[in-house]
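This report concerns only the one structure given below.
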Amino acid sequence: MTDAVSARAHFQPIVDVPRMRVVGFEALARFDDGVSPLEHLRVAEEEGRREQLELQLIEAAVDAAAALPAEGFITLNASGRTMSFPELAELLRRVERSWGLELFEGAEPRECRAVREQVDRLGGFLLIDDAGAGFADETRIRDLRPDIVKIDRALFWESLSGSEGRRRIESILATAREVEARTLVEGVEDAGQLDAVRELGADLAQGYHLGRPTSVDAVAEMLADLQRRVGVDAAGL
């Protein structure tokens with residue numbers, strides 16, 4: 001997939017918290033050399049081939065997603081520059097289910113607005129990643145009016161033990177509701193954190209407690225384990 005190193009798509013469940021039901025999956029890359037996707041993307045950026053790498057990873061995810069349960073949506077990660085490539089539009093037209101594009105936190109404002117227009121044209125939905133960190137603040141949420149706001153996991157963990165973190169996450173949640181976006185909390189690692197997500201009133205959640213990123217051929221087993229262990233319903237997928 002990438003010169004001498006290959007990568008595969010893994011999928012992590014996204015759970016509707018009020019209904020305790022799996023409603024979709026985030027597509028995540030895993031490289032066979034064990035190096036993190038962020039490091040591969042950093043090197044590709046330095047070598048001027050980041051967009052090419054992102055498109056290759058998205059293509060792998062689109063192909064693998066064909067074997068997922070039919071009803072769940074998928075979300076795909078891309079930078080603002082990659083989202084403007086015509087090749088991406090062609091890939092997304094191959095997706096036979098609801099899909100969303102997740103915008104990396106570091107995207108520039110002008111890239112973000114172009115992405116919003118691109119996603120609308122193609123019939124998908126837009127996610128903002130790492131809300132509460134860096135540029136992904138209330139201003140960006142109001143400007144882009146995303147369909148889903150993903151709460152930064154570090155901010156979520158901070159909110160569990162500190163008043164400042166709690167105040168910050170409540171502000172992000174309130175802004176998301178203001179623009180009628182759903183909220184997704186990342187980094188849910190145990191039952192207590194899932195209870196905290198419920199208390200916050202967030203719509204969606206993902207994290208190791210709700211299923212680890214898994215190769216597509218092991219998704220059915222992972223969902224069955226999730227239902228036994230946590231009581232999350234995946235029967236509708």
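As the structure is a prediction and not an experimental result, all values here were calculated from the model.
Hydrophobic clustering, with ILVMFWY side chains joined whenever heavy atoms are under 4.5 angstrom apart, groups W99 together with V219. By the rule that hydrophobic residues join a cluster once side-chain heavy atoms approach within less than 4.5 Å of another member, L28 and L223 end up as members of separate clusters.
Listed for the D147 side chain is no donor-acceptor partner under 3.5 Å among the backbone atoms of A181. At least one donor-acceptor pair closer than 3.5 Å links the side chain of R97 to the backbone N or O of G72. A distance-only check finds a donor-acceptor pair linking the side chain of D137 to the backbone of R140 [under 3.5 Å].
For Q118, the side chain to side chain contact (heavy atoms under 4.5 Å, CB included) partners two or more places apart in sequence, or in a different chain, are A89, R121, L122. Listed by chain and number, the residues in a side chain to side chain contact (heavy atoms under 4.5 Å, CB included) with A218 are T214, S215 (sequence neighbours excluded). Judged as a side chain to side chain contact (heavy atoms under 4.5 Å, CB included), and not counting sequence neighbours, the contacts of A27 are F11, A61, L76.
Residues Q206 and Q12 have side chains that bring a donor and an acceptor to within less than 3.5 angstrom of each other. Checked by atom type, the side-chain pair T175/E138 shows no donor-acceptor distance below 3.5 Å. Using modelled atom types and a 3.5 Å distance limit, the side chains of E51 and S79 yield no donor-acceptor pair.
The pair E45-R42 fails the salt-bridge criterion, with no side-chain N (NZ, NE, NH1 or NH2) lying under 4.0 Å from an Asp/Glu carboxylate O. R19 and D233 are not joined by a salt bridge, as no carboxylate oxygen comes within less than 4.0 angstrom of a charged side-chain nitrogen. With salt bridges taken as basic N to acidic carboxylate O contacts below 4.0 Å, one links R166 and E199.
To the nearest 0.5 angstrom, T183 atom OG1 is 9.5 Å from I148 atom CD1. The CG atom of D152 lies 9.5 Å from the CD1 atom of I172; values are rounded to the nearest 0.5 Å. Atoms CD and CG, from E54 and L57 in turn, are 7.5 Å apart once rounded to the nearest 0.5 Å. Taking CG of L41 as the reference point, atom CZ of R50 lies at 4.5 Å (rounded to 0.5 Å). Remark: L210 CG to D190 CG distance equals 10.0 Å, nearest 0.5 Å.
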Please test F31 against E39 for side-chain contact (heavy atoms from CB on, under 4.5 Å), starting from the C-alpha separation and ending with a verdict. CA-CA 10 Å; F31 287 81; E39 178 61 16; over 6 Å; no

Quick one, D63 with R94, criterion salt bridge (Lys or Arg N to Asp or Glu O under 4.0 Å). Give me CA distance, side-chain angles, the key distance, then yes/no. CA-CA 9 Å; D63 290 343; R94 289 162 43 185; 2.4 Å; yes

Quick one, M222 with D225, criterion side-chain contact (heavy atoms from CB on, under 4.5 Å). Give me CA distance, side-chain angles, the key distance, then yes/no. CA-CA 5 Å; M222 180 263 292; D225 173 71; 5.7 Å; no

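Between E26 and I74 the shortest side-chain heavy-atom distance does not fall below 4.5 Å. A 4.5 Å side-chain heavy-atom check between L200 and L173 finds at least one atom pair inside the cut-off. Residues D16 and D203 are not in side-chain contact: their nearest non-hydrogen atoms beyond the backbone lie 4.5 Å or more apart. Looking at M83 and L88, their side chains come closer than 4.5 Å, going by heavy atoms from C-beta outward. For the pair L68 and V216, the minimum side-chain heavy-atom distance is below 4.5 Å.
Annotation: cation-pi geometry satisfied between R212 and Y208 (NZ/CZ under 6.0 angstrom from ring centroid, within 45° of ring axis).
Atom CD of E164 has more than 12 heavy atoms from other residues, nucleotides or ligands within 6.0 Å.
Ring centroid separation for the pair F25 and F73 does not come in under the 6.0 Å cut-off.
Closest approach of G211 to P13, counting heavy atoms only: O-CD, 3.8 Å.
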